[in-house]
Visitor: 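Here's a structure for you.
The figures that follow rest on heavy atoms only: side chains count, while hydrogens, waters and symmetry mates do not. To find a chain, count down the sequence lines: A is the first, B the second, and so on, and within it residues start at 1.
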Amino acid sequence: MERGEPLELRAPRGTSDIFSRQAGLRRYLEETAVELFERYGYHPITTPIFERTELFTRSIGESTDIVQKEMYTFRDKSGRSLTLRPEGTAPVVRAFLEHKLISQPLPIKLYYSGPMFRYERPQAGRSREFWQVGVEAIGSMDPTIDAETVSLMMHYLETLGLRDLGLLLNSMGCSGCRPSFVEVLKAYLEEHRANLCIDCKRRVQLNPLRIFDCKKEKCQGLLKEAPLITDYLCADCKAHFAEVQSLLMSVGVEFKLEPSLVRGFDYYTKTAFEVRSPHLGAQNALGGGGRYDGLIEEFGGPPTPAIGFALGVERVIMALHCEGIDLPGDSALDVFLAVVGKESKPEGFKLLDRLRKLGIAADMNYGDRSLKAQMKLADRMGALYTLFVGSEELWRGMCKIRDMKSGEQVEVAFEKIPQWFKKQIGSRKGKE
RNA sequence: GUGGCCUUAGUGUAGUGGUUAACAUAAGGGACUGUGGAUCCUUUGAGGCGGGUUCGAAUCCCGUAGGCCACCCCA
C-alpha cells in the first residue's frame, strides 16, 4: 500500500462516534424502551438499513422535503437505486406485506430501534445519521389503539424522568374529507396570496398544509382566520378523534389540540401527534407519529389501518440533559483485582477467571503498577471491592478484600473467594 | 440549500502580530519500594486543513473542512 496524503481522521459530516458514557446512556434508553414496549404487547422487528428507493418516494411523498433533498440515494453494482432509510415506518410496512403478517392476529404490534439517515445541514439535535426508536401497530382502526400509542410514547418519556413535555394532538382527516379541506384552504390562501411570505406563496399549490408551520408574523396573522382541518372532518373522523381524546383523558394523558399540526409525511391520516421539549431550541420535537390508514393499500396491500410513532434518541438524551436528569451510563465493576508482585499474577489471573465465570464483573491491573496506583485505578473504575493477591496471601492461603465504599477489610480463604463475592454482590444488588 | 457565529493539549479555557503558546482538569510516574478518593512534585500532550501578507502569524487576509445558531424541515 502506498502512503499518500495522511488520512483525514474525522467521522463524516453529521455523524458521530458513540462511546463511553453516551453509549451506556443510549443502551439504557433502548433497554427501557424494550421493557416498556413489550409490556404494551409489542414485538421487535429489525429491517435493513437500506431499501429500494421507491419505497420511500411512494410512502413519504414526492413533494416532501425528505424525498426532495434529504435522502441518501445511491446505485449498487447492478444499478438498483437504493436509499438509506430516512424513517422507520415504510420498511416495517414493507416487511408486513412481504411476510404476509396480515394472517397474524391483528393488530400486529412491532417496535424497532436503529439509525436513520437524512442529508441535512447538521446542527445540535439534527445530524445526518440519527437514532430512532419507534412502534407500529398495524391492522386496527379502533381509537383505543390511537390512545394507547400516544400514551405509550408519553409513558416512555415520563419513565425516563422527563417532565417538561408538550403533547400536541390533531386530526388530519381521511381520504374522504382531507382533499376537500385542502381545496378550501387553497382557495382561502389564493385569495390572500398578496399577504403571504415568499416561501408560503410557493407552498400554496405544492403543499398548502405546511403553511401552518410558518413562523412569519404576517402569515401567522392570516392563518388565525384560515379554515381549520378540524372544522372539515367527516362524521367518522370527527367521532374517531373525539373518542381518542376522551380515552387519553381517561388515562391522564394531557395534550393540547393543535389544528395546525401538520407532519412532514404525506401518508398521515386522522390522528397526528408530536411531543416537544421547551429546552431544545428549534429542534424541539422529541418524537411524533400518527395514523396512516392509506399506506398499506398504497403499497398494493389490502386496505389496512395502522398507526405508529418514532422518537429521536439523541433529542431525548438532550432533553434529559437539559432537565438535569441523571441516568445510569457506565456499567459498574464489582471487583478489582490488585496484584502485588509479578509472581502472584498467574494465581490472580486464575482467580479472576473463576469470578467472571460466576457472573461477577471483575477486572485487574495489566502491566506493572505500584499497589498505590492500582488502588487509584480501582477507585477510578468504580469497583465495589478490591481483592488483593500477593505473595503474602498466597503463602497464607487468605486474601484481603477491601470494601471500597466503607474502607473495611476482611480476609477470606483463597478457595472461598468466588462464593464470598457471589453472596456479597447478590445481596448488595438486591438491596438497591 | 440560505444567512450568521465559531474552531488552541483528551476536556474546558487564556493569549489577539515578536524569544521555550499559559492555566485548570484528565492521563503516566513519584513523594508513600503492600492499600484509593486529599496534598505536593514530575512527565506526556495543542492553534482543523491549505494558501497568502509579513523580517516574523495561533493572532491579519483568502479558500476549504467541521461544529454551532437561525431559516428550510424534522427525530
Visitor: Heavy atoms from C-beta onward define the side chain here; which of B/C74, B/C69, B/U35 lies closest to that of A/Arg118?
Guide: B/C74

Visitor: Quick one: A/Asn365 CG to B/U35 C1', roughly how many Å, whole number?
Guide: 14 Å

Visitor: What does A/Gly407 touch in the nucleic acid at a heavy-atom separation under 4.0 angstrom: a base, only the sugar-phosphate, or nothing?
Guide: base

Visitor: Of the candidate nucleotides B/G3, B/U35, B/A75, which contains the atom at the shortest distance from the side chain of A/Leu371?
Guide: B/U35

Visitor: With rounding to whole Å, what would you report as the distance between B/C74 and B/G1 at their C1' atoms?
Guide: 15 Å

Visitor: Identify whether any heavy atom of A/Gln409 sits under 4.0 Å from a base atom; if not, whether one sits that close to sugar-phosphate; answer base, sugar-phosphate or nothing.
Guide: base

Visitor: Identify whether any heavy atom of A/Ser344 sits under 4.0 Å from a base atom; if not, whether one sits that close to sugar-phosphate; answer base, sugar-phosphate or nothing.
Guide: nothing

Visitor: Can you tell whether the side chains of A/Asp403 and A/Lys405 come within less than 4.0 Å, N to carboxylate O?
Guide: no

Visitor: Quick one: look up who B/C73 pairs with, Watson-Crick or G-U, both distances under 3.5 Å, and put none if it's unpaired.
Guide: none

Visitor: A/Gln283 side chain: which of B/G67, B/C73, B/A75 is closest?
Guide: B/C73

Visitor: Measure from OH on A/Tyr119 to P on B/U2 and round the result to the nearest Å.
Guide: 10 Å

Visitor: Per the atom types in the model, does the base of B/A75 pair as donor or acceptor with the side chain of A/Glu120 at under 3.5 Å?
Guide: yes

Visitor: Considering only the P atoms, how many Å lie between B/G66 and B/G48, rounded to the nearest integer?
Guide: 16 Å

Visitor: Within the 4.0 Å heavy-atom criterion, would you say A/Ser391 contacts the bases, only the backbone, or no part of the nucleic acid?
Guide: base

Visitor: Output the rounded distance in Å from CG (A/Leu162) to P (B/A75).
Guide: 18 Å

Visitor: Out of B/G29, B/G34, B/A70, which nucleotide sits closest to the side chain of A/Ala373?
Guide: B/G29

Visitor: Nearest-Å distance, CD (A/Gln123) to C1' (B/G3)?
Guide: 12 Å

Visitor: Say we look at B/A24 and B/C5: how far apart would their C1' atoms be, to the nearest angstrom?
Guide: 26 Å

Visitor: Expressed in whole Å, how much space separates the P atoms belonging to B/A58 and B/G17?
Guide: 13 Å

Visitor: Can a side chain N or O of A/Ser370 be found less than 4.0 Å away from OP1 or OP2 on B/G34?
Guide: no

Visitor: Looking at B/G34, I'd like to know if its phosphate oxygens (OP1 or OP2) sit under 4.0 Å from a side-chain N or O belonging to A/Lys372.
Guide: no

Visitor: Write down the distance separating the C1' atoms in B/C69 and B/G52, rounded off to the nearest Å.
Guide: 30 Å

Visitor: Expressed as a whole number of Å, how far does the C1' atom of B/U44 sit from that of B/A26?
Guide: 12 Å

Visitor: Indicate yes or no: does A/Lys350 engage A/Glu347 in a salt bridge with an N to O separation below 4.0 Å.
Guide: yes

Visitor: I want to verify a distance call: between B/A75, B/G36, B/C72, whose nearest atom is closest to the A/Lys376 side chain?
Guide: B/G36

Visitor: Is A/Gly14 touching bases, backbone alone, or none of the nucleic acid, heavy atoms closer than 4.0 Å?
Guide: sugar-phosphate

Visitor: Using whole Å, report how far NZ of A/Lys342 lies from C1' of B/U33.
Guide: 14 Å

Visitor: Would you say B/G67 has OP1 or OP2 under 4.0 Å from some side-chain N or O of A/Arg13?
Guide: yes

Visitor: Centroid separation under 6.0 Å, is that true for the rings of A/Tyr232 and A/Phe181?
Guide: yes

Visitor: For residues A/Phe414 and A/Trp420, establish whether the separation of their ring centroids is below 6.0 Å.
Guide: no

Visitor: Does either side chain, that of A/Gln374 or that of A/Arg369, offer a donor lying less than 3.5 Å from an acceptor on the other one?
Guide: no

Visitor: Checking side-chain polar atoms at under 3.5 Å, does A/Glu136 have a donor or acceptor matched by the opposite partner on A/Thr89?
Guide: yes

Visitor: For A/Ser260 and A/Glu258, does a side-chain donor sit closer than 3.5 Å to a side-chain acceptor?
Guide: yes

Visitor: Please name the nucleotide paired to B/G17 by Watson-Crick or G-U wobble geometry with both distances under 3.5 Å, or report none.
Guide: none

Visitor: Nearest to the side chain of A/Lys400, which nucleotide is it out of B/G34, B/C72, B/C68?
Guide: B/G34

Visitor: Once you apply a heavy-atom cut-off of 4.0 Å, does A/Arg369 come out as touching a base, just sugar-phosphate, or nothing?
Guide: sugar-phosphate

Visitor: Counting only distance, no hydrogens or angles, is the base of B/C74 paired donor-acceptor with the side chain of A/Arg315 under 3.5 Å?
Guide: yes

Visitor: Hey, is the side chain of A/Arg126 pairing donor to acceptor with the base of B/C69 inside 3.5 Å?
Guide: no

Visitor: Starting at the 5' end of RNA chain B, which residue's closest nucleotide do you reach first, A/Glu70 or A/Phe388?
Guide: A/Phe388

Visitor: Nearest-Å distance, CG (A/Leu261) to P (B/C74)?
Guide: 10 Å

Visitor: Are side-chain N/O atoms of A/His279 and A/Asn284 paired as donor and acceptor at under 3.5 Å?
Guide: no

Visitor: Cut-off 3.5 Å, side chains only: do A/Ser344 and A/Ser391 have a donor facing an acceptor?
Guide: no

Visitor: Which part of the nucleic acid, if any, lies within contact of A/Arg380, taking any heavy atom under 4.0 Å across all strands shown: a base, the sugar-phosphate backbone alone, or nothing?
Guide: sugar-phosphate

Visitor: In the strands shown, is B/G37 matched to any nucleotide by a Watson-Crick or G-U wobble pair with both distances under 3.5 Å, and which?
Guide: none

Visitor: How is A/Gln374 classified with respect to the nucleic acid when contacts are heavy atoms under 4.0 Å: base, sugar-phosphate, or nothing?
Guide: nothing

Visitor: Look at all strands and tell whether A/Gly341 reaches a base, only sugar-phosphate, or nothing, counting heavy atoms closer than 4.0 Å.
Guide: nothing

Visitor: Measure from CD on A/Gln22 to P on B/G10 and round the result to the nearest Å.
Guide: 20 Å

Visitor: Hey, are A/Thr15 and A/Glu129 close enough side-chain-wise for a donor-acceptor pair under 3.5 Å?
Guide: no

Visitor: Starting from the 5' end of RNA chain B, give me the residue, A/Glu274 or A/Ala11, whose nearest nucleotide shows up first.
Guide: A/Ala11

Visitor: Side chain of A/Arg10: nearest nucleotide among B/C69, B/A31, B/A65?
Guide: B/A65

Visitor: In the structure shown, which nucleotide is the Watson-Crick or G-U wobble counterpart of B/G10, with both distances under 3.5 Å?
Guide: B/U25

Visitor: Looking across every strand, which nucleic acid part, if any, lies under 4.0 Å from A/Leu286 by heavy atom: base, sugar-phosphate, or nothing?
Guide: sugar-phosphate

Visitor: Using a heavy-atom cut-off of under 4.0 Å over every strand shown, decide if A/Glu393 touches base, sugar-phosphate, or nothing.
Guide: base

Visitor: Just to be sure I understand the rule, does A/Asn284 reach a base, reach only the sugar-phosphate, or reach nothing, if contact means heavy atoms closer than 4.0 Å?
Guide: base

Visitor: From CD1 of A/Ile401 over to P of B/G34, roughly how many Å is that when rounded to an integer?
Guide: 20 Å

Visitor: For nucleotides B/U8 and B/G67, find the distance between their P atoms and express it as a whole number of Å.
Guide: 14 Å

Visitor: Just call it for A/Ala282: base, sugar-phosphate, or nothing, with non-hydrogen atoms closer than 4.0 Å on any strand.
Guide: base

Visitor: Which nucleotide, in any strand shown, forms a Watson-Crick or G-U wobble pair with B/A46, with both distances under 3.5 Å?
Guide: none

Visitor: Please give the distance between the P atoms of B/A38 and B/A46 as a whole number of Å.
Guide: 27 Å

Visitor: Base of B/G47 relative to its sugar, syn (within 90° of 0) or anti?
Guide: syn

